[in-house]
Amino acid sequence: MNLDEAVELVKFAFGHAGPGDLFIQKADASTIGVLAKAVQRLFGDTGTRIIGTRHGEKLYETLMTKEERLRSEDMGGYYRVSADNRDLNYDKYFVEGHEQIEAEEAYTSHNTSLLNVEETVEKILTTDYVRELLG
């Protein structure tokens with residue numbers, strides 16, 4: 001997210017938020033392999049060495065959990081997740097809400113729109129810093 005996108009998110013949240021709401025911007029994703037190819041296309045091919053997954057690394061980022069998704073509202077470019085105001089009667093949650101949660105899917109970098117190399121290059125080029133380096 002660049003500075004302009006962050007400012008837009010804050011403005012949108014101020015105009016649409018309730019107490020305790022969480023806003024999540026809908027975003028495209030890219031794999032590290034696609035990102036490496038895009039960067040090399042812009043700055044020169046230095047080769048890529050695949051070393052495998054390291055201890056503690058994630059294959060994708062969870063942007064909104066299943067539980068949050070149940071409380072979310074699609075607002076176009078953002079999801080608004082209302083505050084979790086449940087009481088402490090956990091039977092209601094585990095007995096009545098279990099099937100609903102199981103049917104839902106978390107919003108992750110794995111199930112959002114994945115960019116290809118060309119689209120990732122275009123996204124990188126929206127950054128002033130990169131354009132200045134290349135210009």
Side-chain angles (χ1 to χ4, degrees):
M1 177 183 296
N2 64 35
L3 182 59
D4 291 335
E5 291 171 329
V7 168
E8 286 306 310
L9 172 57
V10 170
K11 286 180 182 178
F12 187 85
F14 274 125
H16 297 87
D21 285 352
L22 170 69
F23 282 82
I24 299 167
Q25 183 179 19
K26 291 181 183 177
D28 298 323
S30 175
T31 66
I32 193 68
V34 167
L35 180 60
K37 288 176 186 172
V39 169
Q40 289 184 60
R41 187 166 295 169
L42 290 170
F43 294 102
D45 191 346
T46 57
T48 304
R49 194 177 100 195
I50 298 172
I51 60 171
T53 306
R54 297 176 129 179
H55 175 74
E57 272 187 316
K58 296 177 181 179
L59 296 178
Y60 55 88
E61 290 292 324
T62 300
L63 306 171
M64 182 172 34
T65 66
K66 291 178 177 186
E67 292 83 359
E68 289 170 329
R69 198 121 189 214
L70 287 172
R71 298 189 322 272
S72 72
E73 176 185 355
D74 188 337
M75 302 189 81
Y78 308 97
Y79 288 107
R80 183 182 67 81
V81 181
S82 60
D84 186 353
N85 294 324
R86 291 177 291 171
D87 60 20
L88 296 178
N89 179 359
Y90 291 116
D91 280 344
K92 249 189 335 190
Y93 176 70
F94 285 109
V95 175
E96 295 171 20
H98 182 69
E99 288 178 19
Q100 204 174 13
I101 290 173
E102 289 301 316
E104 195 59 59
E105 183 178 32
Y107 177 56
T108 70
S109 59
H110 184 69
N111 63 14
T112 190
S113 173
L114 286 174
L115 300 176
N116 62 30
V117 174
E118 288 303 322
E119 293 165 329
T120 303
V121 167
E122 288 175 26
K123 189 65 132 174
I124 292 170
L125 288 174
T126 64
T127 308
D128 292 338
Y129 175 75
V130 171
R131 284 198 315 271
E132 287 173 18
L133 283 174
L134 294 171

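Side chain of Arg131 to backbone of Leu125: a donor-acceptor contact under 3.5 angstrom is found. The closest donor-acceptor contact from the side chain of Gln40 to the backbone of Gly47 lies under 3.5 Å. Under the 3.5 Å distance criterion, the side-chain polar atoms of Arg69 are matched with a main-chain donor or acceptor of Glu105. Looking only at distances, no side-chain donor or acceptor of Thr112 sits under 3.5 Å from a matching main-chain atom of Ser109.
Taking 4.5 Å as the limit, every side-chain heavy atom of Leu115 sits out of range of all side-chain heavy atoms of Val34. Using a 4.5 Å heavy-atom threshold, the side chains of Phe43 and Val130 count as touching. In this structure the side chain of Glu68 never reaches within 4.5 angstrom of the side chain of Tyr107, judged on heavy atoms. Here the side chains of Tyr78 and Glu8 are in contact, with some heavy-atom distance below 4.5 Å. A heavy-atom distance below 4.5 Å is not found between the side chains of Glu119 and Asp28.
Only one option out of Thr62, Thr65, Leu59 pairs with Thr108 in a side-chain contact (heavy atoms from CB on, under 4.5 Å); it is Thr62.
Separation of atoms CD (Glu104) and CD (Glu67) is listed at 10.0 Å; rounding is to 0.5 Å. For the atom pair CG (Asn116) and OG1 (Thr31), the distance works out to 10.0 Å, reported to the nearest 0.5 Å. With rounding to the nearest 0.5 Å, the separation of NZ in Lys66 from CZ in Arg71 is 14.5 Å. To the nearest 0.5 angstrom, Met64 atom CE is 4.5 Å from Ile24 atom CD1. The distance from the OG1 atom of Thr53 to the NZ atom of Lys58 is 14.0 Å, given to the nearest 0.5 Å.
Residues Thr120 and Ala38 approach most closely at CG2-CB, 3.7 Å, considering heavy atoms. Closest heavy-atom contact between Glu57 and Arg54: OE1-N, 2.6 Å. Across every non-hydrogen atom of His16 and Met75, the tightest pair is CD2-CE, 3.7 Å. Closest approach of Ala83 to Pro19, counting heavy atoms only: CB-O, 3.9 Å. Residues Tyr79 and Asp74 come closest through the heavy atom pair CD2-CA, 4.0 Å. A pairwise comparison of heavy atoms in Ser82 and Asp21 identifies CA-OD1, 3.3 Å as the closest pair.
Residue pairs meeting the ring-ring contact (aromatic ring centres under 6.0 Å, His included) criterion with at least one partner in residues 111-135, sequence neighbours excluded, are absent.
Residues satisfying the side-chain hydrogen bond (donor to acceptor under 3.5 Å, both in side chains) test with Asp84, not counting sequence neighbours, are Arg86. Qualifying ring pair (Phe, Tyr, Trp, His ring centres under 6.0 Å) partners for Tyr60, counting only residues two or more places apart in sequence or in other chains: His110.
Around CG of Leu134, the count of heavy atoms belonging to other residues, nucleotides or ligands within 6.0 Å exceeds 12. The 12-atom threshold is exceeded at CG of Leu114, counting heavy atoms of other residues, nucleotides or ligands nearer than 6.0 Å.
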